[in-house]
Amino acid sequence: MDLKDLTIKKFHQGLVDKNYSAFEITKAFFDYIEKNDKEIGAYINLTKERAIEQANNVDLKLAKGEKIGLLAGAPMAIKDNILIEGESATAASKILANYKASYDATIIKKLKQNFSVFLGKTNMDEFAMGSSGENSSVKLIKNPYDLERVPGGSSGGSAAAVAKNMAVAAFGSDTGGSIRQPANFCGVVGLKPTYGAVSRFGLIAMASSLDQIGPIAKTAEDAAILFNSIAGQDEFDSTTENIKYDSEKILNPKFEDIKKLRIGIPKEYFIEGLDEEVKNATEKAIKNLKSLGFEFREISLPHTKYALACYYIIMPAEVSANLSRFDGIRYSRIENAELKMQNLKDIYLKTRGGGFGDEVKRRIILGTFVLSSGYYDAYYNKAQRVRQLIKKDFSEAFKEIDVILTPVAPTPAFKIGEKIDDPLKMYLGDIFTVPVNLAGLPAISIPVEKYRISETDRTKKLPIGFQLIGQPFKEADILGIGRFYENSLI
Ligand code: GLN
């Protein structure tokens with residue numbers, strides 16, 4: 001049984017053709033993970049017992065001759081900031097080390113209704129803050145293509161798990177690039193849906209006006225299947241919209257329709273400091289799309305230069321509010337005998353001081369500062385106004401084109417340790433992904449070439465992807481282009 005080329009569709013076919021049972025494949029994944037994840041560090045926690053139960057349940061259905069859906073039995077990895085009832089959810093933070101989720105996130109509920117199998121919870125930057133995976137309090141995550149390099153972040157574990165064939169697909173969260181950038185570094189596909197397309201209920205909040213859950217998969221086709229199964233309005237998340245998605249368009253796009261989409265290239269995204277390899281790869285993607293018949297136009301997004309500053313004010317402001325709930329009393333606390341003797345303030349200081357890592361503390365402090373009296377107008381309010389300008393840039397551009405193509409990150413996967421001591425350097429890498437979150441748009445990261453991990457010979461050829469940004473709730477456009485693009489690669 002070769003786990004390597006298993007996409008959701010191939011997995012499903014093998015299952016209904018009885019090449020394997022759901023139990024056998026689940027067991028094979030766990031054996032493979034136990035052997036291979038030691039060097040990668042993609043998983044924080046394997047949810048083996050429940051996974052076997054879920055797989056057996058699917059086999060029972062098959063034995064009874066019941067028809068099963070595409071996702072039934074599909075082994076998936078879930079980022080550790082998404083709640084699965086009864087399982088740990090640490091967000092890779094010490095402060096949640098002992099926490100077990102008491103309910104299912106809405107997307108988990110939906111996946112359970114589709115009878116998916118959850119292999120485990122994936123490693124990440126603490127509370128989704130970071131771009132390299134190095135901010136995990138649990139362990140380092142390594143890029144399967146080059147173990148000296150980062151897998152990207154914050155959903156680094158989810159991307160590495162899919163790239164290394166340790167799951168058929170995975171879910172992550174994206175506040176400023178955390179699905180697209182690690183997918184880009186690991187040679188897989190990552191979709192950040194439109195703000196309001198997918199319920200955030202049961203996602204441990206980072207910055208609520210920016211966060212979205214989305215799939216990380218081997219192909220755009222799989223990303224479409226997964227998106228289709230999790231999108232929709234939810235009574236538990238009032239920011240979800242009542243959009244009637246046309247599943248047919250998402251799942252079976254027609255080339256005649258997709259080919260008509262005009263693609264814009266924003267001149268502000270091809271800046272100084274853009275790595276030569278990334279520039280070449282992006283040009284290659286454009287060339288490939290042109291030969292498929294797509295029409296390109298240069299566009300301008302003039303406020304792009306303010307996006308990083310704007311994001312690094314609004315995001316920490318929301319982080320400081322959201323993370324105040326971790327007070328050492330609710331959710332879980334760091335057990336310490338002497339704590340019991342102390343007053344409330346000491347408990348707060350000890351648990352928050354010892355429970356949060358440096359990057360999380362840095363953002364709470366920054367966020368508290370930009371919201372403080374006297375600075376609120378100068379920073380937070382101003383950033384909110386700039387956010388509107390960035391949004392307007394996109395809506396103006398979408399009057400002339402349908403989709404925007406950009407690089408995902410200025411460099412390919414960088415070396416472990418290269419940026420971790422210089423937060424500003426790390427933040428600069430988010431330049432191409434954060435405008436999308438500020439504007440609430442859908443975007444996808446697609447590998448420029450077909451990358452495949454060779455188990456025996458690591459070529460150290462680093463994957464690079466390109467980003468497609470779509471109009472609100474038009475995920476079908478970017479998924480469709482992605483699918484025809486990947487199908488055209490040999
Ligand atoms: N890298 C960005 C940050 O550190 C984005 C994180 C995310 O999308 N969760 O904030």
Side-chain angles (χ1 to χ4, degrees), residues 79-82 91-93 122-136 141 150-159 170-186 190-195 198 200 203-216 307-320 322-323 356-367 370 383 387 407-411 413-414 418-445 467 469:
K79 189 176 181 179
D80 205 31
N81 59 353
I82 299 173
S93 181
T122 56
N123 203 354
M124 56 186 281
D125 287 297
E126 183 178 5
F127 284 108
M129 299 176 202
S131 313
S132 67
E134 292 163 292
N135 294 337
S136 167
I141 319 169
V150 304
S154 65
S155 315
S158 288
F171 283 90
S173 64
D174 190 314
T175 305
S178 281
I179 289 175
R180 292 158 286 157
Q181 185 257 25
N184 169 62
F185 281 4
C186 292
L191 173 75
K192 177 215 125 32
T194 312
Y195 188 78
V198 174
R200 292 178 292 110
L203 168 69
I204 297 175
M206 177 179 161
S208 308
S209 79
L210 303 159
D211 298 342
Q212 270 292 284
I213 296 177
I216 294 180
L308 265 185
C310 178
Y311 172 80
Y312 276 96
I313 289 172
I314 291 174
M315 173 273 295
E318 295 183 17
V319 159
S320 72
N322 271 327
L323 270 67
F356 290 139
D358 287 349
E359 185 59 30
V360 173
K361 284 184 196 155
R362 183 177 296 122
R363 295 189 191 203
I364 292 173
I365 292 168
L366 265 173
V370 300
R387 183 177 190 173
V408 184
T411 66
F414 44 89
E418 198 179 313
K419 300 190 185 181
I420 195 68
D421 296 325
D422 186 347
L424 213 56
K425 210 162 149 191
M426 189 74 87
Y427 299 167
L428 285 172
D430 300 333
I431 176 97
F432 302 137
T433 45
V434 300
V436 164
N437 301 73
L438 289 168
L441 302 171
I444 193 168
S445 169
Q467 173 172 242
I469 306 169

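Note that ligands are numbered from 1 as they come in the structure, with each ligand's atoms numbered from 1 the same way.
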Would you say the side-chain atoms of [X] and [Y] include a donor-acceptor pair closer than 3.5 Å?
X      : Y      : value
Ser158 : Thr122 : yes
Tyr195 : Asp211 : no
Ser208 : Asn322 : yes
Lys79  : Ser173 : yes
Asp125 : Ser136 : no

Show me which atoms of ligand 1 lie under 4.0 Å from any heavy atom of [X].
X      : result
Tyr311 : 2 (C), 3 (C), 5 (C), 6 (C), 10 (O)
Asp174 : 8 (O)
Ser154 : 9 (N)

Which residue and atom name correspond to the protein heavy atom nearest [atom], and how close is it?
atom                   : answer
atom 6 (C) of ligand 1 : Ser178 OG, 2.8 Å
atom 2 (C) of ligand 1 : Asp430 OD2, 3.2 Å
atom 1 (N) of ligand 1 : Ser131 OG, 2.8 Å

Are the side chain of [X] and the backbone of [Y] linked by a donor-acceptor contact shorter than 3.5 Å?
X      : Y      : value
Gln181 : Gly153 : yes
Arg180 : Gly190 : no
Gln212 : Thr175 : no
Gln467 : Thr433 : no

Just to check, does Tyr427 reach to within less than 4.0 Å of ligand 1 when the distance is taken from its heavy atoms?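 Flag not set, Tyr427 not near ligand 1.
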Report the part of [X] (side chain from C-beta onward, or backbone N, CA, C, O) that has a heavy atom under 4.0 Å from ligand 1; answer both or neither where that applies.
X      : value
Tyr312 : side chain
Thr175 : both
Ala128 : both
Met206 : side chain

Could you tell me whether [X] and ligand 1 have an N or O pair separated by under 3.5 Å?
X      : value
Met315 : no
Gly177 : yes
Lys79  : no

From the candidates Gln212, Gln181, Arg363, the one that places a heavy atom nearest atom 4 (O) of ligand 1: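 Among Gln212, Gln181, Arg363, the closest heavy atom to atom 4 (O) of ligand 1 belongs to Arg363.
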Tell me, with the steps shown, if Ile314 and Leu438 meet side chain to side chain contact (heavy atoms under 4.5 Å, CB included). CA-CA 9 Å; Ile314 291 174; Leu438 289 168; 4.3 Å; yes
